[in-house]
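Counting starts at 1 for both ligands and their atoms, following the listed order. Source: prediction; values computed, not measured.
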Amino acid sequence: MIPASDPIDRVTAEVYRVPTDQPEADGTAEWDATTVVVVRVAAGEIEGLGYSYADASAALVVTKVLAPLVRGACASDLPYLRDAMDRAVRNLGRAGVVACAISAVDVALWDLRARLVRMPLLELLGRARAAAPVYGSGGFTTYDDDTTAAQLREWLELGVGAAKIKIGESAGAAEARDLQRVALAREVLGDVELFVDANGGYTPSQARRVERDLRDFDVRWFEEPVSSDYPAELAAVRAGAAMDIAAGEYCWGIQDAARLLAAGAVDCLQLDVTRCGGFTGWLEGAALAEASGISISAHCAPQLSAHAVCAVRRARHLEYFHDHARIEPLLFDGALEVREGSIEPAGTPGLGLTLGPRAEQFRV
Ligand SMILES: [Mg+2]
């Protein structure tokens, strides 16, 4: 271990489970609650906070596998710690829950690092822009038309430049209803850009057919028309598409991002700070995308994504996902708000977030 000047002396992981405000589903999953694993790392009095939207088992990976490596180390030795964490999880497999655990620790380390030098995180990362544009995201397949329209109108009031609804209902078995809901969204949004996300719900030929139908509604972004497990199929949809094809939320590290980019699968690479290796993984992924001439967009976790998007030149926007937009101000004090369609990181040290008193009622 590298000798540390401000050694980390405490690493904790806590689990919070927040029920949805109503039943939710997309093309290939349904859920009634969201689980958040919150990691805190401290050097003396100064504490850093990170989190991931992950199964509770990620907390166990943090406390049993990662914490022994992090304790005694210095928060600024991020590359060293990242290397140590990667080696420690070799036989666990780094994808999925493990990548979420590593991401939450990485975010907490960046927060601690910034707080130790009393700097806003964005100042440490380096600023490419002052505020991150957001797009509204939700429009679940479980919603009736009134609920969908009301949610879209809420985002319009926030000044968003685009909004996204879920399609691919019941793994592509409800194509007519998908298009009816797209028509509704187009009507409510007026001139604001319309995005759709099928969460891999369609077959390849179905995705190509739906893509042609979506042109009638001036859809600009078709996310995971087919599963990201098959980059060549994504690329085939993209080849004839009149809109951007997006994917990348299941990139657990830059190797996954490299595979999508090498296949020519996306016009915009979506990376999730809470899955792809924290801010370290985000910056690496952004460099990789830049080298391929592809822009990136931040998937979910708006309170983290705002900093991430502001730090990268070719980052388009962040996903203001309904569940996370609701949960983050419930759990954290200092959560940033959307103003005129953007989130602007504040001048407070680190991320500016602390666990608030309301969090306790959701603790598992
Ligand atoms: Mg998605």
* Does CD belonging to Q22 count more than 12 external heavy atoms closer than 6.0 Å? -> yes
* **Shortest-distance N, O or S atom of D197 relative to the Mg ion (ligand 1)** => OD2
* Asked: Do K166 and E24 come close enough that some side-chain heavy atom pair is under 4.5 Å?
  -> no
* To do: Measure centre to centre between the rings of F217 and F222, then say whether the value is under 6.0 Å.
  => no
* Within the stated cut-off of 2.8 Å, is an N/O/S atom of D26 closer than that to the Mg ion (ligand 1)? -> no
* To do: For the Mg ion (ligand 1), find the closest N/O/S atom on E223 and give its atom name.
  => OE2
* Are the aromatic ring centres of F332 and Y51 under 6.0 angstrom apart? -> yes
* Which N, O or S atom of E249 lies nearest to the Mg ion (ligand 1), by name -> OE1
